[in-house]
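What follows is a short report on a single structure.
Naming convention: chains lettered A, B, ... in sequence-line order (proteins, then strands); numbering from 1 in each chain. Values reported hereafter were calculated over all heavy atoms of this structure, with side chains retained and with hydrogens, waters and symmetry mates removed.
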Protein chains: 2
Amino acid sequence: MDVDTRLLRYFRAVAEEGNLTRAAARLYVSQPALTKQIRQLEERLGARLFVRSKSGMALTGPGQALAAAVPGVLGSWVEAERAVRAAEAERTRVLRIGFLASAANEKTQDVIAAFRASRPGWRVEMRQASWGAPIEGMVSGEVEAAFMRLPFPSREDFALLPLLTEPRCVAMAANHPLAQSASLRFEDLLDEPFVAAPGATGAFRDHWIAAEARGGRPVRIGAVTEHPDDWLSAIANGDGIALAPASAARYYARPDIAYREVEGIAPSTVVLAWPNTARPTPALADFIAAAREAAD
Amino acid sequence: MDVDTRLLRYFRAVAEEGNLTRAAARLYVSQPALTKQIRQLEERLGARLFVRSKSGMALTGPGQALAAAVPGVLGSWVEAERAVRAAEAERTRVLRIGFLASAANEKTQDVIAAFRASRPGWRVEMRQASWGAPIEGMVSGEVEAAFMRLPFPSREDFALLPLLTEPRCVAMAANHPLAQSASLRFEDLLDEPFVAAPGATGAFRDHWIAAEARGGRPVRIGAVTEHPDDWLSAIANGDGIALAPASAARYYARPDIAYREVEGIAPSTVVLAWPNTARPTPALADFIAAAREAAD
DNA sequence: CCACATCCATAACCGGAGGTTATCGACGCA
DNA sequence: TGCGTCGATAACCTCCGGTTATGGATGTGG
């Protein structure tokens, strides 16, 4: 029997959510479409996968068997995709590197320059990773490695090489009252609304609201933004303030935004990350070596 | 990126055949359909997978990478399918057992009876395996095990339990001249046309034309049949003769067909086969135990 | 107790993807 | 030079996966 990986993703979403409506929303399809697809999957497999009730969808025995096997199928396909893209990059002498907007800094340029020197004729293509799904491009092989910032989600499948550590500062509208002071303590910011990234979940979100320094005090979200430009605009508009690495003051300098030192929060670390599911391609190995040299 | 396993099978066929037209024939689709699908796969992956030439399709580097990864993807999906069907069979208390038509005999009944005794409330569903693709049903989990005859293709992924060994005889039209003799030597049959199974390839085909006893003399195929009834009809019609296990004389007795002993050919062995990719389900384990008891 | 919210199923409709047949252009070969 | 074989292209049809709108069943709060 044939299946589409899309169908397996649908199944996985429903199994995880335990709810057709929510799963449909998560997959960006309509609920009837999901209903139809799940029914079809059940028919073709000749087994009921879920028991329907008013309070959602619960896995049956066969459903659990499928749920246990699906990650392996999807994983092996993603790996296949990665292998193809790696081979294509090798053929065209291109190394695709992703980067989180905030991870752009001088070190990045040093690494690329060193790689270029070691591999003349090769091109490095940089593509910005979305804040919402920062590691997606890496698992599917769209990029072979990426400059990211700690904390890094799902550390297990990736190798990490720390490049530099820098203090974090606070970004706020230039006309914000707190911008008067040249330096601030984090306690001064506790009541301010923050501008946050969208998919920022778990440890990553906690890090950028400095949860460890809040002592359990909740944070107020003034705006959620997807791209650096939106982020800067939101801050300039006064929707909220945000923590940022010190280098942002150089790379995202604007007249309507003030960056100020902050005492009492941990610094931020930039890393180079790459999937360690397979051996790195020779070109990537050179890039990693260049990064290792450039690291502090 | 999403794919259909069908598309991966298409790719695999083209990679193996090295030729679109032949691959299309093997897949039972038209050649333009395959052209379109392969093109689409290349576009979506952003890499050329084949170099086209007058003499066919040759894999590129990315194509080789994909070809290496595809068996893993398809294999894990087949395994998932098998797990689901096994769970469903467990739930409905059904054990599905396949059998090659020629493997039906008294021993089969003994095994089933012993299993029934050990698992009251369970049902055994027998379904006949096609001669063309005898092990298909087992890999996809449509049946959990099957009664087969040696030689068994692709032995590696299956566990085999021999059940009985019996001499082989020859089946021919009742009015065939050779039917006059009560017993024959295989050399007498060398010039006769044979009735063969369709997908009979390699060792299996060799076994049923007794290639080892022919001393290199080629065989003439008088007819190719898919089902036992066709097979019997072809023999009765005089299209050819065929080797058969001795038990066929009991299970496929017809007035217009004569079975005669043959000297000088090896006997045939019936085995119970099951996939050993995963641990057998408890019910299958009981069935295997029943078979082990019933074995000679 | 009734109005409402939630959850899944159903119906009717639409566009596109995948299949088909027919045909072409390029090349190797007898 | 004519034929056979290869893959590409065009025109067409069917069905599948998506959409919106709506219904039925079942908790739930004012």
Side-chain angles (χ1 to χ4, degrees), chain A residues 1-60 62-64 66-67 70 73-74 77 81, chain B residues 1-60 62-64 66-67 70 73-74 77 81:
Chain A
M1 195 198 91
D2 285 316
V3 239
D4 197 314
T5 54
R6 180 176 36 82
L7 190 47
L8 296 182
R9 291 190 297 103
Y10 284 8
F11 168 79
R12 182 179 58 182
V14 175
E16 284 174 7
E17 294 286 346
N19 179 313
L20 263 184
T21 311
R22 270 200 305 278
R26 189 173 118 185
L27 294 164
Y28 301 107
V29 296
S30 68
Q31 170 257 316
L34 245 195
T35 299
K36 234 199 268 185
Q37 292 298 307
I38 296 294
R39 279 188 91 76
Q40 190 197 343
L41 183 61
E42 289 180 325
E43 274 170 26
R44 290 203 290 180
L45 284 171
R48 172 153 286 198
L49 299 172
F50 295 96
V51 285
R52 278 81 164 162
S53 75
K54 56 223 167 339
S55 58
M57 315 267 289
L59 285 169
T60 63
Q64 288 173 7
L66 184 59
V70 158
V73 181
L74 292 177
W77 166 241
E81 207 179 337
Chain B
M1 195 199 92
D2 285 316
V3 240
D4 196 313
T5 52
R6 180 176 38 82
L7 190 47
L8 296 182
R9 289 190 299 104
Y10 284 8
F11 168 80
R12 182 179 57 182
V14 175
E16 285 174 6
E17 293 286 345
N19 178 311
L20 263 184
T21 311
R22 268 199 305 278
R26 188 172 118 185
L27 295 165
Y28 301 107
V29 296
S30 68
Q31 170 258 317
L34 244 195
T35 300
K36 231 199 271 185
Q37 292 299 307
I38 296 294
R39 277 189 94 74
Q40 188 198 345
L41 183 60
E42 289 180 324
E43 273 171 26
R44 290 203 291 181
L45 284 171
R48 172 152 287 200
L49 299 172
F50 296 96
V51 285
R52 278 81 166 162
S53 76
K54 289 302 111 197
S55 56
M57 316 268 288
L59 285 169
T60 63
Q64 287 173 6
L66 184 58
V70 158
V73 182
L74 293 177
W77 166 240
E81 207 180 337

Sugar-phosphate atoms are those with a prime plus P, OP1 and OP2; base atoms are the rest. Using that split, label each nucleotide of nucleotides 2-9 of chain D B, S or - for protein heavy atoms under 4.0 Å, 5' to 3'. ----BBBB
Side-chain N or O of [X] less than 4.0 angstrom from OP1 or OP2 on [N]?
| X | N | answer |
| --- | --- | --- |
| A:Tyr10 | D:dG18 | yes |
| B:Arg6 | C:dG19 | yes |
| A:Ser30 | D:dG18 | no |

Are B:Arg6 and B:Tyr10 in a cation-pi setup, meaning NZ or CZ lies under 6.0 angstrom from the ring centre and within 45 degrees of the ring axis? yes
Quick one, A:Thr60 with A:Gln64, criterion side-chain hydrogen bond (donor to acceptor under 3.5 Å, both in side chains). Give me CA distance, side-chain angles, the key distance, then yes/no. CA-CA 6 Å; A:Thr60 63; A:Gln64 288 173 7; over 6 Å; no
What heavy-atom pair brings B:Leu59 and B:Ala67 nearest, and what distance separates the two atoms? CD1-CB, 4.0 Å
Closest approach of A:Leu20 to A:Leu34 (non-hydrogen atoms, all atoms of both residues): O-CD1, 3.7 Å
Euclidean distance, atom [atom1] of residue [X] to atom [atom2] of [N] [Å, nearest integer]:
| X | N | atom1 | atom2 | answer |
| --- | --- | --- | --- | --- |
| A:Leu27 | D:dT19 | CG | C1' | 16 Å |
| A:Leu41 | D:dC16 | CG | C1' | 15 Å |
| B:Tyr28 | C:dT20 | OH | P | 13 Å |
| B:Leu34 | C:dT21 | CG | P | 14 Å |
| B:Leu7 | C:dA17 | CG | C1' | 12 Å |
| A:Gln40 | C:dT10 | CD | P | 15 Å |

The complete set of side-chain hydrogen bond (donor to acceptor under 3.5 Å, both in side chains) pairs with one or both residues in residues 13-23 of chain B, sequence neighbours excluded, reads B:Glu16-B:Arg26, B:Glu17-B:Arg22, B:Glu17-B:Arg26
Is there a donor-acceptor pair closer than 3.5 Å between any side-chain N or O of A:Arg52 and the backbone N or O of A:Phe50? yes
